[in-house]
Amino acid sequence: MKFTAAVCAILVASTGAFSPASVSRTSTQLYGGAGNPNPFGTKSLDYQGGTDPNAKTVRLRDRLQEADTERRKAKEAAEARERAAEIRREERQKKIDYMNNMPDDTPAGTVDEY
């Protein structure tokens, strides 16, 4: 009999874990009201309009315009180098053609003769 009474006492005591906890009737305040509405602390994470003097903010439009300008300058410089090399080749070819097209009976002379 003592054994069954002890088992019953243990079973009744353990059922307290499965019973609902005492419910308080305090309401939660989700929007506005007293207190801090920011759940992460007192300082808000909202943009404050550039109050930080060390911030290096540049508009995306300005960055893209700078990149386009740099790309255009690099392209123009490459085209100028190509054109300069082409001009040098053309001038060299003109000299070669002049020497090849010169008549063989042309007398050779010095600068003083002319």
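All values reported here derive from a predicted model rather than from experimental measurement. Atom set for the values below is all heavy atoms of this structure, side chains included, hydrogens, waters and symmetry mates excluded. Note that the numbering runs from 1 along the sequence shown for the chain.
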With sequence neighbours excluded, residues passing side chain to side chain contact (heavy atoms under 4.5 Å, CB included) with [X]:
{"X": "Ala85", "answer": "Arg88, Arg89"}
{"X": "Met99", "answer": "Met102"}
{"X": "Leu60", "answer": "Leu64"}
{"X": "Arg92", "answer": "Ile96"}

Residues in side-chain hydrogen bond (donor to acceptor under 3.5 Å, both in side chains) contact with [X], at least two apart in sequence or another chain:
{"X": "Asp105", "answer": "none"}
{"X": "Glu79", "answer": "none"}
{"X": "Gln93", "answer": "Asp97"}
{"X": "Asn101", "answer": "none"}

Sequence neighbours excluded and cut-off under 3.5 Å, please list the side-chain donor-acceptor pairs for residues 66-78, or say none.
{"unit_1": "Asp68", "atom_1": "OD1", "unit_2": "Arg71", "atom_2": "NH1", "d": "2.8"}
{"unit_1": "Thr69", "atom_1": "OG1", "unit_2": "Gln65", "atom_2": "O", "d": "2.9"}
{"unit_1": "Arg72", "atom_1": "NH1", "unit_2": "Glu76", "atom_2": "OE2", "d": "3.3"}

Hydrophobic cluster (4.5 angstrom, side-chain heavy atoms) - remaining members for Ile87: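 The other cluster members (ILVMFWY side chains, heavy atoms under 4.5 Å, direct or chained): none.
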Checking Asp62 now: which residues fulfil salt bridge (Lys or Arg N to Asp or Glu O under 4.0 Å) with it, not counting sequence neighbours?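 Result, salt bridge (Lys or Arg N to Asp or Glu O under 4.0 Å) vs Asp62: none returned.
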Partner residues of Glu90 under the salt bridge (Lys or Arg N to Asp or Glu O under 4.0 Å) criterion, sequence neighbours left out: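 Glu90 satisfies salt bridge (Lys or Arg N to Asp or Glu O under 4.0 Å) with no residue once adjacent residues are dropped.
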